[in-house]
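The structure appears right after this line, and notes come after that.
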Amino acid sequence: MTVPARLSVVVPLHGGEEHAEECLESLRDQTLDDMEVILVGRPRGLRPPDHRFTLLTLGDGGDDPGTARNAGAAFTTGRYLAFADPGSVVPADAYRALVGALDHTGSDLACGRIRTWTPYAPGQAPVPAAKPRLRTHITRHQKLLDDPRAGGMVFRREFWNRHGFAFPTGLGEDFPVTIPAHVLSTSADVLGDVVCLTRGSRPPADPLRRLEAMLEVSDLLGRHAPRLRTAYDLRLAEGPDLDAVLEAVRGRVPDALAEVLGRLGRLDPAAVERLPVLRRLQIHFAAHRMTGELAELRTFAASEIRHRGVLRRGLRPRRWYLDYPFRRDPRLPRSLFDATRDLRLVACVDDVRRADDRLALTGHAYIAHLDSGRSRIELWLQRGEERITLPVRRTRRPDVTADSRQSVACHDDSGFETVIALDTLPAGRWALHARVRARGVTRTGRAIGAPGERVFDAGNVRVSLTRDRGLTLGPRTAGGPHPDPGGHVSTVRWTESDGEISTVRQTESDGEISMVRWTESGELVLEGTGRCPAGRIVLERGAERHSWPVRQDEETWTAAVGRTAEGLPLRSGTWRVLAPAPAGGDVRVRLSPALIADPPRPRVTGFHEISVRTSRDGDLSLAVRPALGPHERGPYATRRRQAAAPRRTTLRDAAVFDSYGGGQYSCNPRAVSEELARRHPDMEIVWVTRDGQFAVPPGVRLVLYGSREHEEALRTSRFVVANRRTQPGWYRKPRGQTVVQTWHGTPLKRLGLDLEGMPYAQRVPRDELARQVATWDLLLSPSPFATSALRGAFGYEGEILESGYPRNDVLFDPARARAARRRLGLQDDRRIILYAPTWRDDDTTGRLALDPVGAAGALGDDDVLLVRAHYLVARDMAIPNGDRVRDVSRFPDMADLLAAADVLVTDYSSAMFDFACTGRPMVFFTHDLERYRDEVRGFYFDFEAEAPGPVLGTADDVIDVLRYGDLGQFAGRYERFARRYCPWDDGHASARVVARMRP
């Protein structure tokens, strides 16, 4: 007779999992010998490591993790049951420890810590074990709610069968099983060791299905563990799944959605009372099927909420209420608008530095929604019940108001300074707390820290300033602020070539930065001690990387970080500072302990403000943001600006140009700008830049979007030319000014008012759209079709100039095509294939359907594939460059690429209408045609019937057509397409527009 295994482990597989073999190897190497592993689903191509592994192939439903897990659980025979994800790694002793605990205690389940193994994690050094808790329960150890993943758990088989646990199908989540299991267990063993390493996260579940499952768990908690329900329901109500479901409530609600929304009314009242007013209103409207009110509240939250404050009402007691829509509606209880939870403490330590034997702190503290002018701020250090009161000096901080994202309350007086005497500080671990009193309201709590993390020593005190914990002071520990044994730094790097995580070791002295300074030209000079690990310093943000050379001397090295190879400043965001290691991977560049204790202050250079940030280990990052002053940025500054705007202004001979919200020097505004400069050289040309990411011709003035210079230019210029609805909210068109809206493409996809009924499309609120459209004096059109579509989509009743598109003038100029090829370094005898897909409203990752490397390799030797990702997603994508494939996503102007291209491959992009002017062939890769047309965006005409080229559904078909297809067979349809959609494009559209402007 076969003896059942002690432990059965179920691994769901659907084939193609990237790290499944590594998972199976970790299961093979378990020190618990008496176990079996069941591979369930469709494990294509995987070979079991040894006799303990069994393949259980499923037919229908084999791709669903829940179905596979349930089938595997029913198939197994072990005394204990576990589930491992194919993307995880189980440490060798994990199952032995979990099963041993259950043998010892008799508990129903055991679990340990799960550690996420992410790219760029700061080292994979062993994690110190936490204190184990045996024979505990989730009601006594509520942290078990925080991580309900099954990968770190082992269940007693008898317990599993008795309750009939099963994973929901089609959901891909663990919590519908793991949380009920914890609640229904008599006891659980919680180990302090890491028992599972997991890479990344699973694909997101459907929000409605996930919310429905969460509500079922909430009901179970209400029956069996009511003390847990408040905390659980609070997380449910604050979570992104409810956000997504509420966003989908439009018009008539389907029965399935209505049933789930109705259950929101059963949420724990104690949890709902702790929510902000906006969320309480959303839940109330959803639960009572008040869809019209919910839609109005959605519009309010998108545009007006930052402009509404609190009102004080009542006699005894007088209470604060938020002035939100429906406040006077008799159907709604007044308590829904009670602002008690919204009047939260905002307290932050912005900086801490050592000054002799003291620490000098600067920060700010206020109560949200209440002015800070008459507030009182108290600060103290706390250790247990012991307190040390700190002196408080109030300071002016208009930047705090600017960054508060609201326009009603002034927090200019919320700043504080204080000092901590280190020589008299008692030993122990101290944390900074704050109390603010304002308008009869008192709020108390710990102060958080500014972005970035700093850890340094000041005498015998370890100073730690972190985002979540704020300022903490403790005893100095051995090893200094970089406590890595042996004086080494462990840096983890995701190697894209093989998909593995590699660790680079670096001695603490190598590459450490000992001095940071700025040059007069705005370059940041990094000076390091010892030898730099690489010949270049790299700055990385997402998929974008730039590098600068390192000059190495005998004992020091220097690198000057300035403009990129394209001659542009760094774009806004946080940039990691790296040194590529000769053996592969990247080494994090670190600041010396002295610089961590006294880092450089923020510096304004050009259009940007650059701040130096560090991590707990001293890793250097640069935070870049537009250099807008506190009276230029934020809703409060906008309100001030509108109130102070002069009623009358004198216009001057100037024109302000804005392309894609200040993102590019391109498109129709560029063509009109250059034609205007040629015809009227005395006209001042002003271009708006949001992030300094383009260059302009000599004589053109650049202004930063939202700055005083931008305001002055909009207020006094005779012309404003833009290609999107991107004028600031404070813009008020002066009398006599002409606004030219060029737009940026013939619409195949629905726009503006026509997006009703398309749940994924990003909409502009109707009142905001109407405000923008009301400022237009002239709307350009490239065709009679576009005239009708644009007028209806924008509700525009003004003048339309049927001029053709100015940006297409370059397509009639052979010299521009030759210049673009030279700039790309391509010979005239090479065939240029331009792949330019549009973006998807339902997928902001911008993933390319056509693999650039694979496609380029399958094309002819003389072909070169240019890949132009959509500007909304291009910055987050990494496209490899080579002789036969080029990433041109950041090429300044799409029009020049169209002029240079021999073939265009696109999907639903408006580039097809522009390229039709050339008469050159087009190929349409529309792998998601039905979904995009019917669910995501919607079309204005029958695209399949009118497309001037083959409409293809697979990458292989695209390659075959590009290599062997006869694209000439579409000549008749191509001619009809061009005649309908670009009849006026002839190379002179810019001239017609400038002539109509009559400068």
Side-chain angles (χ1 to χ4, degrees), residues 745-749 782-783 785 808 811 830-840 843 846-870 884-886 888 894 897-983 985:
T746 298
L748 163 65
K749 301 164 287 189
S783 66
F785 163 79
N808 291 343
L811 302 180
R830 300 196 70 176
R831 184 174 69 150
I832 295 180
I833 300 169
L834 175 62
Y835 175 43
T838 192
W839 77 301
R840 271 76 173 152
D843 180 11
R847 289 172 293 190
L848 297 174
L850 184 68
D851 172 36
V853 176
L859 294 172
D861 293 340
D862 294 330
D863 293 336
V864 58
L865 182 67
L866 305 184
V867 183
R868 174 80 166 190
H870 194 278
R884 297 171 64 179
V885 59
R886 303 278 184 88
V888 293
M894 176 67 168
L897 295 174
L898 292 174
D902 296 298
V903 183
L904 173 66
V905 179
T906 187
D907 41 22
Y908 321 108
S909 170
S910 64
M912 72 176 79
F913 302 100
D914 303 327
F915 200 68
C917 299
T918 69
R920 301 174 201 145
M922 287 185 267
V923 176
F924 299 94
F925 183 21
T926 58
H927 65 97
D928 58 349
L929 175 60
E930 289 78 11
R931 173 175 169 79
Y932 193 85
R933 178 193 62 209
D934 302 333
E935 300 179 38
V936 176
R937 195 60 183 266
F939 291 163
Y940 282 114
F941 60 85
D942 189 342
F943 172 65
E944 288 182 276
E946 296 192 43
V951 179
L952 308 171
T954 69
D956 289 341
D957 289 341
V958 173
I959 300 301
D960 288 343
V961 167
L962 290 174
R963 293 205 64 179
Y964 312 112
D966 177 15
L967 296 176
Q969 63 180 302
F970 296 91
R973 196 152 73 171
Y974 199 122
E975 183 180 352
R976 291 190 297 273
F977 187 89
R979 190 165 54 245
R980 182 181 184 195
Y981 297 111
C982 49
D985 286 326

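Because only heavy atoms are used, hydrogens play no part in the values below, and waters and symmetry mates are left out as well, while side chains stay in. It should be emphasised that the depicted structure is a prediction, and the values quoted were computed from it without experimental measurement.
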> Taking the side chain from Arg886 and the backbone from Leu866, do they hold a donor-acceptor pair closer than 3.5 Å?
Replying inline: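 No; zero donor-acceptor contacts below 3.5 Å.
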> Do the side chain of Arg973 and the main chain of Ala945 share a donor and acceptor less than 3.5 angstrom apart?
Replying inline: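 Between the backbone of Ala945 and the side chain of Arg973 there is a qualifying donor-acceptor contact (under 3.5 Å).
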Contacts of [X] that satisfy side-chain contact (heavy atoms from CB on, under 4.5 Å) - sequence neighbours left out:
X	value
Tyr932	Lys749, Thr838, Arg840, Asp841, Tyr908, Asp928, Val936, Arg937, Phe939
Glu946	Phe941, Arg980, Tyr981
Asp966	Gln969
Arg831	Ile833, Asp863, Asp902, Val903, Leu962

> Rounded to the nearest 0.5 Å, how far does OG of Ser909 lie from CG of Leu748?
Replying inline: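 So the CG of Leu748 and the OG of Ser909 are separated by 9.5 Å.
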> Can you check whether Phe943 and Phe924 have ring centres sitting under 6.0 Å from each other?
Replying inline: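 That pair passes the under 6.0 Å test.
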Minimum heavy-atom separation for [X] and [Y], please, with both atom names.
X	Y	answer
Pro782	Pro983	O-CD, 3.5 Å
Leu834	Ala901	CB-CB, 3.9 Å
Arg933	Glu944	NH1-OE1, 3.3 Å
Leu865	Tyr835	CD1-CB, 4.0 Å
Met922	Pro948	CE-CG, 3.5 Å
Pro837	Thr906	CA-OG1, 4.2 Å

>> I want to check something: taking the side chain as every heavy atom from C-beta on, are Asp861 and Arg884 in contact at a cut-off of under 4.5 Å?
In response: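 Side-chain contact under 4.5 Å: yes.
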>> Would you say that Val885 contacts Val867 through its side chain, given a criterion of any heavy-atom pair below 4.5 Å between the two side chains?
In response: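 Yes, close enough: below the 4.5 Å cut-off.
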Please output the side-chain donor-acceptor pairs of residues 910-918 that fall under 3.5 Å, not counting sequence neighbours, one pair per line with the distance.
| residue | atom | partner | partner atom | Å |
| --- | --- | --- | --- | --- |
| Asp914 | OD1 | Asn808 | ND2 | 3.1 |
| Asp914 | OD2 | Arg807 | NE | 3.1 |
| Asp914 | OD2 | Arg807 | NH2 | 2.6 |
| Thr918 | OG1 | Phe915 | O | 2.7 |
| Thr918 | OG1 | Arg920 | N | 3.1 |

Enumerate donor-acceptor pairs with a distance under 3.5 Å from any side-chain N or O in residues 954-961 to protein atoms, sequence neighbours excluded.
| residue | atom | partner | partner atom | Å |
| --- | --- | --- | --- | --- |
| Thr954 | OG1 | Asp957 | N | 3.1 |
| Thr954 | OG1 | Asp957 | OD2 | 3.0 |

>> The test is side-chain contact (heavy atoms from CB on, under 4.5 Å); show your working for Leu850 and Phe925 and say whether it passes.
In response: CA-CA 8 Å; Leu850 184 68; Phe925 183 21; 3.9 Å; yes
